[in-house]
Amino acid sequence: MKKIIYTDKAPAPIGPYSQAVLIGSTLYTSGQIALNPQTMELVLDDIETETQQVMENMKAVLQAADMTFENVVKTTIFIMNMGDFARINSIYASYFDESNAPARETVQVAGLPKGVNVEISMVAVK
């Protein structure tokens, strides 16, 4: 059975989608961008701050499903500029134990919602 996951500690969806969907013990998250959940304003000061907001939003979604980053088995990172990869990766890496890190792909794209520089989605399993 499908369970919709929602938390006010992450940005409300800005379209016809859910923050995450739980099927059995598997959580599929929607992509998170750097929206401040309280103000719904973008946090675009620099790529590190933007990435940290994305990860904090993802943390809130995981917590709403009673999970943590330790439950994450797969991530997808969409970035506008591959030149930002190392800086994005350093923030991303701080949320995971390297010995238990999830599988991942990183893709440079032509555009992202609201003109952001990074979007991240995850799959997690309890």
Side-chain angles (χ1 to χ4, degrees):
M1 176 184 264
K2 176 167 104 171
K3 178 182 179 187
I4 302 302
I5 301 299
Y6 175 81
T7 178
D8 62 3
K9 292 178 175 58
I14 56 175
Y17 61 89
S18 300
Q19 291 171 330
V21 176
L22 185 66
I23 305 277
S25 61
T26 304
L27 182 72
Y28 300 90
T29 74
S30 292
Q32 286 291 323
I33 61 175
L35 281 170
N36 177 310
Q38 284 75 43
T39 66
M40 290 301 285
E41 296 291 325
L42 288 170
V43 178
L44 302 176
D45 303 334
D46 55 55
I47 196 65
E48 291 87 355
T49 304
E50 183 176 352
T51 304
Q52 184 171 3
Q53 183 65 59
V54 170
M55 294 300 286
E56 287 298 312
N57 292 345
M58 194 58 69
K59 181 179 178 180
V61 172
L62 290 167
Q63 287 175 338
D66 296 320
M67 294 191 195
T68 70
F69 286 107
E70 289 185 12
N71 296 99
V72 176
V73 297
K74 178 76 165 39
T75 66
T76 303
I77 302 175
F78 302 98
I79 61 176
M80 289 293 297
N81 180 355
M82 199 56 78
D84 289 333
F85 176 79
R87 293 173 19 195
I88 291 167
N89 194 54
S90 70
I91 301 302
Y92 169 92
S94 71
Y95 286 83
F96 293 99
D97 174 0
E98 193 171 324
S99 68
N100 191 29
R104 175 183 85 183
E105 68 258 333
T106 302
V107 181
Q108 182 173 326
V109 296
L112 288 168
K114 295 191 171 277
V116 300
N117 299 295
V118 61
E119 179 175 2
I120 299 174
S121 65
M122 298 182 177
V123 177
V125 179
K126 265 192 185 176

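- What you find for D46 and T49 is that their closest heavy atoms are OD1-N, 2.7 Å.
- Nearest heavy-atom pair, K74 versus R104, reported as atom, atom and distance to 0.1 Å: CD-N, 4.4 Å.
- For I5 against V61, the heavy-atom pair with the smallest separation is CG2-O, 4.0 Å.
- Here ring pair (Phe, Tyr, Trp, His ring centres under 6.0 Å) pairs that include residues 103-126, with residues two or more places apart or in two chains, number zero.
- A donor-acceptor pair under 3.5 Å is formed between the side chain of S30 and the backbone N or O of S18.
- Under the ring-ring contact (aromatic ring centres under 6.0 Å, His included) criterion, F69 pairs with Y95, F96, sequence neighbours left out.
- Shortest non-hydrogen contact noted between V54 and A34 is CG2-N, 3.6 Å.
- Shown here for L62 and M122, the closest heavy-atom pair between the two residues is CD1-SD, 4.3 Å.
- Between the side chain of E50 and the backbone N or O of N117, at least one donor-acceptor pair lies under 3.5 Å.
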| message | Quick one, I33 with L42, criterion side-chain contact (heavy atoms from CB on, under 4.5 Å). Give me CA distance, side-chain angles, the key distance, then yes/no. | response | CA-CA 8 Å; I33 61 175; L42 288 170; 4.2 Å; yes
| Criterion side-chain hydrogen bond (donor to acceptor under 3.5 Å, both in side chains) on T76 and E105, from CA distance to verdict | CA-CA 5 Å; T76 303; E105 68 258 333; 2.4 Å; yes
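- Counting only distance, with no hydrogens or angles, the side chain of T106 and the backbone of I77 share no donor-acceptor pair below 3.5 Å.
- At least one donor-acceptor pair under 3.5 Å links the side chain of Q19 to the backbone N or O of P11.
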